[in-house]
Q: 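Take this structure, written in structure tokens, and hold onto it; I'll ask about it next.
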Amino acid sequence: QVQLVESGGGLVQAGGSLRLSCAASGSIFSINSMGWYRQAPGKQRELVATITSGGRTNYADSVKGRFTISRDNAKNTVYLQMNSLKPEDTAVYYCNAYVVRTTGFGDDYWGQGTQVTVSS
């Protein structure tokens, strides 16, 4: 069993900041990559940012310079620091991880999602 639990979402005024966290737990051997995706009503889920176990990052153009992804490998946790938030950032944010279990089996896992609402 592997579970991803997200936290840190909420309501914030435009220009404000939020920090999302996602902790993976279960029979984990390693996590090769982790990331954040978001989905606004009526839109497709889109990539926000990813980070590898080695710390290499990738960001959507729309969040570059405003969002920072990081991870604590020892805690199997990924973070998303969101600054200078805009109303268009409003969405449900989902944590994603490719997890190699202690059995040697690898699979893609998703968190339940956390709502981020940015008011104007």
Q: Measuring from Tyr94:OH to Trp110:CH2, what's the distance to the nearest 0.5 Å?
A: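 The OH atom of Tyr94 sits 9.0 Å away from the CH2 atom of Trp110.
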
Q: Listed by chain and number, what are the side-chain contact (heavy atoms from CB on, under 4.5 Å) partners of Ser53, not counting sequence neighbours?
A: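 Per chain and number, Ser53 pairs via side-chain contact (heavy atoms from CB on, under 4.5 Å) with Arg71.
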
Q: With sequence neighbours left out, which residue pairs that include part of residues 68-120 fulfil the disulfide bond (SG atoms under 2.5 Å apart) condition?
A: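 Disulfide bond (SG atoms under 2.5 Å apart) check on residues 68-120 returns Cys22-Cys95.
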
Q: Output every pair passing salt bridge (charged side-chain N to carboxylate O under 4.0 Å, His left out) with a member in residues 50-63, not counting sequence neighbours, ordered by first then second residue.
A: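 Sorted pair list: Asp61-Lys64.
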
Q: In chain order, what residues pass the side-chain contact (heavy atoms from CB on, under 4.5 Å) check against Ser33, with sequence neighbours excluded?
A: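 Here the qualifying residues are Tyr98.
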
Q: Listing request: all salt bridge (charged side-chain N to carboxylate O under 4.0 Å, His left out) pairs with a residue in residues 89-105, at least two apart in sequence or in separate chains.
A: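 Every salt bridge (charged side-chain N to carboxylate O under 4.0 Å, His left out) pair that includes a residue of residues 89-105, provided the two are not neighbours, is Arg38-Asp89, Arg66-Asp89.
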
Q: Nearest heavy-atom pair of Ser120 and Ala14: which atoms, and what distance?
A: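 Where Ser120 meets Ala14 most closely, the heavy atoms are CA-CB, 4.4 Å.
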
Q: Using the side-chain contact (heavy atoms from CB on, under 4.5 Å) criterion, which residues pair with Ser25? Sequence neighbours excluded.
A: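 side-chain contact (heavy atoms from CB on, under 4.5 Å) list for Ser25, sorted by chain: Gln3.
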
Q: For Gln115, give me all partners under side-chain contact (heavy atoms from CB on, under 4.5 Å), at least two apart in sequence or on another chain.
A: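 By the side-chain contact (heavy atoms from CB on, under 4.5 Å) rule, Gln115 matches Thr90, Val92, Thr117.
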
Q: Is there a side-chain contact (heavy atoms from CB on, under 4.5 Å) between Asp72 and Tyr79? Walk through the geometry before answering.
A: CA-CA 8 Å; Asp72 185 335; Tyr79 307 93; 4.2 Å; yes

Q: Under the side chain to side chain donor-acceptor pair (under 3.5 Å) rule, collect the residues that match up with Glu88, sequence neighbours excluded.
A: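 Checked Glu88 against side chain to side chain donor-acceptor pair (under 3.5 Å); zero matches.
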
Q: Residues sharing Val48's hydrophobic cluster, by side-chain heavy-atom contacts under 4.5 Å among ILVMFWY, directly or via others?
A: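 ILVMFWY cluster around Val48 also holds Val2, Leu4, Val12, Leu18, Leu20, Ile28, Ile31, Met34, Trp36, Ile51, Tyr59, Val63, Phe67, Ile69, Val78, Leu80, Met82, Leu85, Tyr93, Val99, Tyr109, Val116, Val118.
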
Q: For residues 7-21, pull every pair meeting side chain to side chain donor-acceptor pair (under 3.5 Å), keeping only residues two or more places apart or in separate chains.
A: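 Side chain to side chain donor-acceptor pair (under 3.5 Å) check on residues 7-21 returns Ser17-Asn83.
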
Q: Can you find a heavy atom in the side chain of Glu46 that is under 4.5 Å from one in the side chain of Gln39?
A: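 No, their side chains stay 4.5 Å or more apart.
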
Q: Can you tell me how far OH of Tyr37 sits from CG of Asn96, rounded to the nearest 0.5 angstrom?
A: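 The OH atom of Tyr37 is 5.0 Å from CG of Asn96, to the nearest 0.5 Å.
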
Q: Excluding sequence neighbours, so at least two apart, what forms side chain to side chain donor-acceptor pair (under 3.5 Å) with Asp107?
A: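 If we apply the side chain to side chain donor-acceptor pair (under 3.5 Å) test to Asp107, skipping adjacent residues, there are no hits.
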
Q: For the residue pair Ser30 and Asn32, what are the closest heavy atoms and their distance?
A: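 Result for this residue pair: OG-OD1, 3.9 Å.
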
